[in-house]
Amino acid sequence: MSEIPDEGQEFKLQANSELRFEVEAKAMVEIEMIEGQAEMFGTELAKNRKYSFVSGSKIAIFTWHGCVLQLRGKTEVAYMSKETPMTVYVNTHAALEQMREKAELENTRGPRILVVGPVDVGKSTLCRILVNYAVRLGRSPVLADIDVGQGNMGLPGTIGALVVERTADIEEGFQQTAPLVFHYGHKSANDNLQLYNLLVSRLAEIINVRCEQSKKVNCSGVIINTAGWIRGAGYEALKQAAGAFEVDVICVLDQERLYNQLKSDLPDFVKIVLLPKSGGVVERSQATRAESRDNRIREYFYGLKNNFFPHSFDVKFNDVKLFKVGAPSLPESCLPLGMKVIDNQTKLVPLLPSNNLLHHILSVSAATTVDQDIVETNVLGFIVVTGVDVEKGLFTVLSPSPRPLPKNILLVMDIQFMDIK
Ligand code: ADP
C-alpha cells in the first residue's frame, strides 16, 4: 500500500450533490469532512474524522445540505455530480416507513422488499441506503442477500441474512456479528437451481421465525438483495424468491422490461416500482467481478485492512466428515423407483478426502450429527484447504479461529481460493 500524501484536494459540495471517487489499485484514499453534513450510502460522516478506503473501492459521498470534503490519496477518478437519484431513493424509504408505522399500529408485518435489476446498477448500494435510513429512525430491519456471486453476508457461494441494529460502518459496512448463512457452494444460482431455490425458501422460513420472536424486527421488515441474473431461469428464480419471502414491494433498478414483466406476472398486491440507477455506478468486467469475489474471501480471512491473523493447522481426515451437496444427474432409468432426477441436486453426497480438495473452501456446518438435515442447516464459518497429505491422512487449513474446528461436518464448495498474499 502506498503512503497517503499530506496534501489533499478540497471539494465544496452544493446541496443535493455527491463526490464520487474510485481508489486506484494498490493505493489508499482518505476522506475527511471539514464542514457541513454528508453521508455515504446512508451512513452519516462524523466531522473531522478521517475515513480510509482500500484499493478498488468505488465511493459516493452525498450531501443534502452542502459540505466541504478533503480527499487525500490516489484516485482513478474523483468528480462532483449533481445528478443523483437520492431524492427518489429517500422517497422510497419514506413510503416504506409509512408501511412500518401502519404495521406497528396494527401489530402486523412490516414491508418486505425485493431489490432486483441487471448487474451493476447499484442493487446492493440501494439495499444499504434503505437499511441505513430505516435504522436511523430506530428500526431493526432484516437485510437478506441471495446473490451467491458476491456473498455479502458470508462468502461467495452462500446466501444469508442479518438483523441490522446499527447503521453500516463507513469503512467496513454492516457489522456481521451473527449472520445466518447457508452453504450453496457455487458462484451462480444457475449451477444448481434446485438447491438455490430450496435454500432461499429455507432462509425466508427462518426469517419468519425471527420476525415472530420480535415485534420490532417484524414491523421493520425485510430488505432482500438479489443477483443480476434476470433472464430465463434467473427470472423464474426471482419470482420464486418473491413468493418465498412473501414480498410486498419490488424495487426494479434501471430496467423497464423487467419492471413490466414483473407487473404482468405478479399478483396486484405486490407493489412494483421502477427506480433509476445512479450514474456513479460503474460497470464491472467479468475479471473485476472475479477479483472482487477473491477480495471478499481474502477479507474474510485477513480483514479489510490486513488486520486479522488467520490460523493455519492440520486436520486429520478421520476427525471430520466431508460432504458436497448435489450429485451428478443420472438418467431416470438408472434411479431407484419413485426417485426423480431432480432429487439428486439437493442430495448430500459423502466425499472421500483426496488431493482434489486443495484450495477449495469448506463451510463448517452448524449440524452436530449426520442425522440432521445438513443441507438445510446453517453454517458457522469457513476454512480453506491449503495442503493435502494423503499418506499421512491429513489436510492443512486456513481458519479464522484457532484449532480445533468448532464442528466436524464440512461442506465442500466448488469455489477455490489461492492463499497468496
Ligand atoms: P449491484 O449490486 O447492482 O451489482 P452495487 O451496489 O454493488 O451494484 O454497485 C456497484 C459499485 O458501484 C459498488 O462498488 C458501489 O460502491 C459503487 N457505487 C454505487 N453507487 C455509487 C455512486 N453513486 N457513485 C460511485 N460509485 C457508486
Side-chain angles (χ1 to χ4, degrees), residues 1-14 16-63 66-84 86 119-122 124-125 128-129 132 150 152 156 167-174 277-309 417-421:
M1 291 284 162
S2 67
E3 292 284 301
I4 296 171
D6 293 337
E7 296 273 296
Q9 228 180 323
E10 207 170 270
F11 292 89
K12 284 196 175 66
L13 289 178
Q14 288 176 7
N16 288 317
S17 66
E18 68 187 19
L19 170 68
R20 296 173 183 157
F21 61 88
E22 205 178 314
V23 184
E24 218 182 73
K26 301 196 168 66
M28 285 272 260
V29 162
E30 212 172 67
I31 198 103
E32 183 181 345
M33 183 182 71
I34 42 186
E35 242 180 81
Q37 282 172 337
E39 56 185 50
M40 184 191 124
F41 306 143
T43 308
E44 286 173 298
L45 266 69
K47 200 171 161 185
N48 295 126
R49 214 188 116 175
K50 294 184 175 102
Y51 298 100
S52 53
F53 300 99
V54 295
S55 113
S57 308
K58 297 176 185 66
I59 306 293
I61 312 278
F62 176 83
T63 178
C67 71
V68 180
L69 300 170
Q70 181 102 42
L71 185 150
R72 294 184 197 87
K74 284 192 188 139
T75 54
E76 291 267 346
V77 282
Y79 66 98
M80 292 186 282
S81 173
K82 294 187 83 170
E83 302 289 323
T84 85
M86 287 302 284
V119 286
D120 301 331
V121 285
S124 319
T125 308
R128 180 164 169 167
I129 293 171
N132 273 334
Q150 295 299 320
N152 291 321
T167 52
D169 181 81
I170 295 277
E171 297 167 346
E172 313 220 330
F174 290 108
K277 76 164 191 178
S278 164
V281 182
V282 201
E283 269 183 39
R284 290 175 289 184
S285 61
Q286 284 285 357
T288 328
R289 217 179 299 279
E291 201 183 321
S292 117
R293 225 181 342 260
D294 229 43
N295 287 342
R296 176 74 196 99
I297 302 170
R298 190 176 312 280
E299 185 191 320
Y300 175 81
F301 290 105
Y302 290 98
L304 193 63
K305 293 176 184 161
N306 250 330
N307 49 346
F308 294 177
F309 300 94
F417 173 69
M418 300 277 251
D419 183 30
I420 310 162
K421 279 223 215 174

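Residues: numbered from 1 along the sequence shown.
- One finds the CD atom of E291 at 13.0 Å from the CD atom of Q286 (value rounded to the nearest 0.5 Å).
- Distance check: T288 OG1 to N295 CG gives 10.5 Å after rounding to the nearest 0.5 Å.
- Nearest heavy atoms, M40 versus A60: CG-O, 3.5 Å.
- Salt-bridge formation is not detected for the pair K26/E24: no Lys NZ or Arg NE/NH1/NH2 atom is positioned less than 4.0 Å from an Asp or Glu carboxylate oxygen.
- For E76, the CD atom is densely surrounded, since the number of other residues' heavy atoms within 6.0 Å is greater than 12.
- Classification of E32 and R72 as a salt-bridged pair holds, one side-chain N sitting under 4.0 Å from a carboxylate O.
- Judged by distance alone, the side chain of T84 and the main-chain N or O of S17 form no donor-acceptor pair under 3.5 Å.
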**Message:** Under the criterion side chain to side chain contact (heavy atoms under 4.5 Å, CB included), I'd like the reasoning laid out for M33 against T63: C-alpha separation, chi angles, the key distance, then a yes or no.
**Reply:** CA-CA 11 Å; M33 183 182 71; T63 178; over 6 Å; no
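- At distances below 3.5 Å, at least one donor-acceptor pair connects side-chain atoms of Y51 with backbone N or O atoms of A46.
- At least one donor-acceptor pair closer than 3.5 Å links the side chain of T43 to the backbone N or O of A168.
- Of all non-hydrogen atoms in F41 and T125, the two that sit nearest each other are CD2-CG2, 3.3 Å.
- With hydrogens and angles disregarded, no donor-acceptor distance shorter than 3.5 Å links the side chain of D120 to the backbone of V281.
- Residue E10 qualifies as enclosed at atom CD: its count of foreign heavy atoms under 6.0 Å is above 12.
- If you take CD1 on I170 and CZ on R49, they are separated by 8.0 Å, rounding to the nearest 0.5 Å.
- By the neighbour-count criterion of 12 heavy atoms within 6.0 Å, atom NZ of K305 is densely surrounded, having more than that number from other residues, nucleotides or ligands.
- Here the shortest heavy-atom pairing between N307 and G303 reads OD1-CA, 3.5 Å.
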**Asked** Given V77 and R20, is the side chain to side chain contact (heavy atoms under 4.5 Å, CB included) satisfied, shown in steps?
**Response** CA-CA 8 Å; V77 282; R20 296 173 183 157; over 6 Å; no
**Prompt:** Where do R298 and F417 land on the side chain to side chain contact (heavy atoms under 4.5 Å, CB included) test, with the steps shown first?
**Reply:** CA-CA 8 Å; R298 190 176 312 280; F417 173 69; 3.8 Å; yes
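- For E171 (side chain) and S52 (main-chain N/O), a donor-acceptor pair under 3.5 Å exists by modelled atom type.
- When every heavy atom of N152 is checked against every heavy atom of S124, the shortest pair comes out as ND2-OG, 4.0 Å.
- Residue F21 holds its CZ atom at 12.0 Å from OH of Y79, rounded to the nearest 0.5 Å.
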**Asked** Between I61 and F11, is a side chain to side chain contact (heavy atoms under 4.5 Å, CB included) present by the stated rule, with each step listed?
**Response** CA-CA 11 Å; I61 312 278; F11 292 89; over 6 Å; no
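- Atoms CZ and CG, on F174 and N132 in that order, are 4.0 Å from each other to the nearest 0.5 Å.
- Taking both residues in full, the closest heavy atoms of M86 and I129 are given as SD-CD1, 4.0 Å, listed atom of the first, atom of the second, then distance.
- Of all heavy-atom pairs between L19 and L69, the closest is CD2-CD1, 3.7 Å.
- R289 contributes a side-chain N or O that, together with a main-chain N or O of R284, makes up a donor-acceptor pair within less than 3.5 Å.
- Residues I34 and N48 have side chains in contact (heavy-atom distance under 4.5 Å, counting atoms from C-beta outward).
- We find the SG-NZ distance between C67 and K47 to be 11.0 Å, quoted to the nearest 0.5 Å.
- Between Q150 and R296 there is no side-chain heavy-atom pair separated by less than 4.5 Å.
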